[in-house]
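Values reported hereafter were calculated over all heavy atoms of this structure, with side chains retained and with hydrogens, waters and symmetry mates removed. Residues: numbered from 1 along the sequence shown. Just so you know, ligand 1 is whichever comes first in the structure, and atom 1 is the first atom listed for that ligand.
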Amino acid sequence: MTGITVRVPAKLNLQLAVGPPRADGYHDLVTVFHAVSLFDQVTVEPAQRDGVTVTGEGADRVPADQDNLALRAVIALRAAVRNRRTGPGRVHVTIAKRIPVAAGLAGGSADAAAALVACNELWAAGLGQQRLGEIGATVGSDVAFALLGGTAVGRGRGEQLTPALAPATQYHWVLAFADGQLSTPAVYAALDRLRASRAAESAGSARPGVPADAGPGLDAALMAALRSGDAARVGQRLSNDLQPAAVSLFPALRKTLTAGLELGALGALVAGSGPTCVFLAANRERALELAVSLSGAGVCRSVARVSGPVPGAAVVSAG
Ligand code: C5P
């Protein structure tokens, strides 16, 4: 066996509802994940020692040491299968990136998921997707979804997944990549600050009947829209609690979002913790028009057209 190559998609959050911070620093979420056709490719090969090489989009900003999420996933999987007969050897991981780094598209978690699938195969470890997801969740909140793909509801930190029963509709999206990055912990911290100052302002005027500890809830109207396959309805229900926080840290995003809507997008939102902006188009042709107009408007670094849902991490070649 020379190596295993796995292709893994980026994710969007069609809804991202965020609860208050937990004791462990994470936030409870309810999110609707949606995997789209923007893929990284990860190859693992037997090697003398563990290592990682990163090429492609934003490669110089991805750690190539033990902080690398794909390498951390390899180490976590090795620990989980250590006692089996087919001992897991050392590997070199090569990541060919197309998913921009720190862009709100879970590229790091995607690479970790791909490394898990590849090593599971290379080592003939035979772990199921559920177990790989549990191991992946120790590395990043979005790893389990990158294994599953499709459209799914995520709870907890995002690692507890239920596939969403959406029809076979393909949705056409335009992604506007920003000239800059946002740190996920910084965006969550900004949301906590925004909420704290809002709570301080409205102290004493709490609405009766609304429990202060009501957790985030799934948007039933979004789920109904997804079941209907009607892109216009889906576009109206896109929502992201992190968006005001991302925009407060990266004010130029407001202009990008407005431009996309003015150019005819059915809906617009910030991807995860940003700064990528996401626009839904009625069909493939409209997505092409929107992508061209957005590039011309000078409100982002570059654009990409993608569609979803697509499957999660999968082996594309083994040799
Ligand atoms: O799990 P992951 O490494 O992707 O999370 C990055 C950071 O994002 C966490 O350290 C935390 O600050 C924040 N986060 C959070 N609640 C979540 C997921 C992420 O606060 N559900």
Using a 3.5 Å distance criterion without hydrogens, assess whether the side chain of R301 forms a donor-acceptor pair with backbone atoms of A178. yes
Ion pair check, D28 and R22, cut-off under 4.0 Å: yes
Given K97 and D60, is the salt bridge (Lys or Arg N to Asp or Glu O under 4.0 Å) satisfied, shown in steps? CA-CA 11 Å; K97 288 213 68 68; D60 53 335; over 6 Å; no
Can you work out which protein residues put a heavy atom within less than 4.0 Å of ligand 1? G25, Y26, H27, L29, G140, S141, R157, T184, P185, Y188
Any donor-acceptor pair under 3.5 Å linking the side-chain atoms of S307 with those of H172? no
Quick check against the 3.5 Å criterion: does D111 have a side-chain atom that pairs as donor or acceptor with the backbone of L69? no
Verify salt bridge (Lys or Arg N to Asp or Glu O under 4.0 Å) between R7 and D40, making sure each step is shown before the conclusion. CA-CA 6 Å; R7 192 176 84 148; D40 279 357; over 6 Å; no
